[in-house]
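The next block holds one structure in the form of structure tokens; read it before the comments.
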There are 2 protein chains.
Amino acid sequence: MGVAQADTKTRILDTAQELIQRRGLNAMSFQDLSDAVGIRKASVHHHFATKNDMVASLLVRYLENFDSAVDRVMSSRASGLNKLERYCNLFLETLQSGGQDKVCLCGMLIVEMASLDDPSVVLVRQFVRSNGRRIEAMLREGVEDGSIAIRGSVPGTARLLLAALEGSLLVARCEGGPKQLAENIAQLLTLLKKH
Amino acid sequence: MGVAQADTKTRILDTAQELIQRRGLNAMSFQDLSDAVGIRKASVHHHFATKNDMVASLLVRYLENFDSAVDRVMSSRASGLNKLERYCNLFLETLQSGGQDKVCLCGMLIVEMASLDDPSVVLVRQFVRSNGRRIEAMLREGVEDGSIAIRGSVPGTARLLLAALEGSLLVARCEGGPKQLAENIAQLLTLLKKH
DNA sequence: GTCTATAGCGCGATAGAC
DNA sequence: GTCTATCGCGCTATAGAC
């Protein structure tokens, strides 16, 4: 068998994710997917009956992958601050992976939330809540191990941090690119570091 | 003459801004505008030949209005921190004005930048650069008058602040609403306040 | 400045052969 | 699982009467 090519369903999802993160949900069509994957539009519909089904599948996969990546960061032996730094770098990888100009899939879909149907809306909200909670956990660890000093509440700081990361992804792609995002992350960590 | 109704062009722009901030550029059509304003689609085209012309006009007006609002904030006699607080509240007003669920027009258009043509792209970039510079000015004032203490560079802090505001607008509309945004702003100011 | 009417296209989605 | 073909709709944009 040798190295198998990713199955069609996966290739469709990969392409869809790339296009949505770059252009947005409403600027991506089944025709775009069909062109990129190299099959016909009707064949795309065979794998995903409707556009909303596709987005929902995409979100499930994205949340799983992101969660796994965060698991890996959190299960390391590093300090709270160090874990947080590696968590922030997940967003940097998002911007850089594939081509450029990508934002967080959920950041994009929050903006286009009015175009989403029921299952997808819930999943986007879940991403925000889940990441908020995990940032909280890292902050608490950092406070306990002495690597982080926060002003204000832990949940408040966590929510601000997530918002700052999503916003930095946005702004970076119109001014400064990955280098700008890296600077924003460094600045964020400076604010949290215990001096 | 009494109280004149806003002219048609203005009413079209008002509606377009509302719809774009709520749903996105690609989810707003000339038909939507025509329905909301109460004239026919062709009449909308009389005022704005193409969609891109309309977005460009909208951005020019938005940048002017936002700049004026920032002028008013900056020309007051308040401390640097106080000015910054009032500046942040401009974003809170954005979310609350009209209906709800609105994000910054430029935040929305950064996300949909791939769908923009030349004049509009430049204007969105200009918004980011201009606001970055003005936040820098307020930070410097605050450092001088002793109301603000920053860690890291002034330009770095300014860029992070703008990104955090844009991101907070996004996240707030999917979790927590205006109350959440207000909390994020309070948290931001806490980080900057000299203790 | 507003209207009716329509061109021309791309979209999401479906039917049915292979 | 992929294909050809097509439906029905909404979109941006234009032509031309009033």
Side-chain angles (χ1 to χ4, degrees), chain A residues 1 4-59 108-109 111-121, chain B residues 1 4-59 108-109 111-121:
Chain A
M1 305 286 157
Q5 180 177 224
D7 64 33
T8 307
K9 207 161 184 164
T10 303
R11 283 164 60 217
I12 294 173
L13 284 179
D14 291 344
T15 308
Q17 183 172 335
E18 183 91 9
L19 288 177
I20 294 177
Q21 287 185 288
R22 214 187 292 287
R23 303 185 199 161
L25 175 65
N26 291 320
M28 178 220 65
S29 71
F30 274 58
Q31 188 61 60
D32 294 330
L33 295 177
S34 140
D35 292 344
V37 175
I39 58 177
R40 302 303 226 155
K41 220 168 36 158
S43 308
V44 180
H45 275 286
H46 169 76
H47 295 281
F48 302 100
T50 70
K51 202 173 181 178
N52 247 287
D53 291 339
M54 215 203 56
V55 176
S57 298
L58 194 51
L59 278 168
M108 180 61 89
L109 293 180
V111 166
E112 294 187 294
M113 198 154 251
S115 309
L116 296 182
D117 278 1
D118 220 26
S120 304
V121 172
Chain B
M1 303 291 151
Q5 179 177 224
D7 64 31
T8 307
K9 206 161 184 163
T10 303
R11 283 164 59 218
I12 294 173
L13 285 180
D14 289 345
T15 308
Q17 184 172 334
E18 183 91 9
L19 288 177
I20 294 177
Q21 288 186 288
R22 215 186 292 289
R23 304 185 199 162
L25 175 64
N26 290 320
M28 177 220 65
S29 71
F30 275 57
Q31 188 62 60
D32 295 330
L33 295 178
S34 139
D35 292 343
V37 175
I39 58 175
R40 301 305 226 152
K41 228 172 22 164
S43 309
V44 179
H45 275 286
H46 169 75
H47 295 282
F48 302 99
T50 70
K51 201 172 181 178
N52 247 287
D53 291 340
M54 215 203 56
V55 175
S57 298
L58 193 51
L59 279 168
M108 180 61 91
L109 293 180
V111 165
E112 295 187 293
M113 197 154 252
S115 308
L116 295 181
D117 278 3
D118 220 26
S120 303
V121 173

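Every chain is numbered from 1, with letters handed out A, B, ... down the list of sequences.
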Legend entry - Sugar-phosphate, base or nothing in reach of A:Ser43, heavy atoms under 4.0 Å: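 It contacts base atoms.
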Inset, instruction - Using a cut-off of strictly less than 4.0 Å, decide whether B:Thr8 has a side-chain nitrogen or oxygen near OP1 or OP2 of C:dG1. - result: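 Checking B:Thr8 against C:dG1: no side-chain N or O falls below 4.0 Å of OP1 or OP2.
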Legend entry - N/O (side chain, B:Thr50) to phosphate O (OP1/OP2, D:dT12) under 4.0 Å: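 Indeed not, no polar side-chain atom of B:Thr50 lies that close.
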Inset, instruction - Test A:Met28 against every option in A:Arg23, A:Met54, A:Gln21 by the side chain to side chain contact (heavy atoms under 4.5 Å, CB included) rule and name the one that passes. - result: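 It is A:Met54; the other options fail the test.
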Legend entry - Rounded distance (nearest 0.5 Å) linking atom CD of B:Glu18 with atom CG of B:Leu13: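 Between B:Glu18 CD and B:Leu13 CG, I get 13.0 Å after rounding to 0.5 Å.
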Rounding to a whole Å, what distance do you find between [X]:[atom1] and [N]:[atom2]?
| X | N | atom1 | atom2 | answer |
| --- | --- | --- | --- | --- |
| A:Arg40 | C:dC18 | CZ | P | 17 Å |
| B:Lys41 | C:dG8 | NZ | C1' | 12 Å |
| B:Lys51 | D:dT14 | NZ | P | 15 Å |
| B:His47 | C:dT2 | NE2 | P | 4 Å |
| A:His46 | C:dA15 | NE2 | P | 15 Å |
| A:Met28 | C:dC11 | CE | P | 10 Å |
| A:His45 | C:dG16 | NE2 | C1' | 16 Å |
| B:Gln31 | C:dG10 | CD | C1' | 17 Å |

Inset, instruction - For A:Ile12 and A:Phe48, work out which heavy atoms get closest and say how close. - result: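 Reported closest heavy-atom pair: CG2-CE1, 3.7 Å.
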Legend entry - B:Ala42, nearest nucleotide to its side chain (from C:dT4, C:dA13, D:dT2):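 The answer is C:dT4, which lies nearest to the side chain.
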Legend entry - Test log, rule side chain to side chain donor-acceptor pair (under 3.5 Å), inputs A:Ser29 and A:Asp32: CA-CA 5 Å; A:Ser29 71; A:Asp32 294 330; 3.3 Å; yes
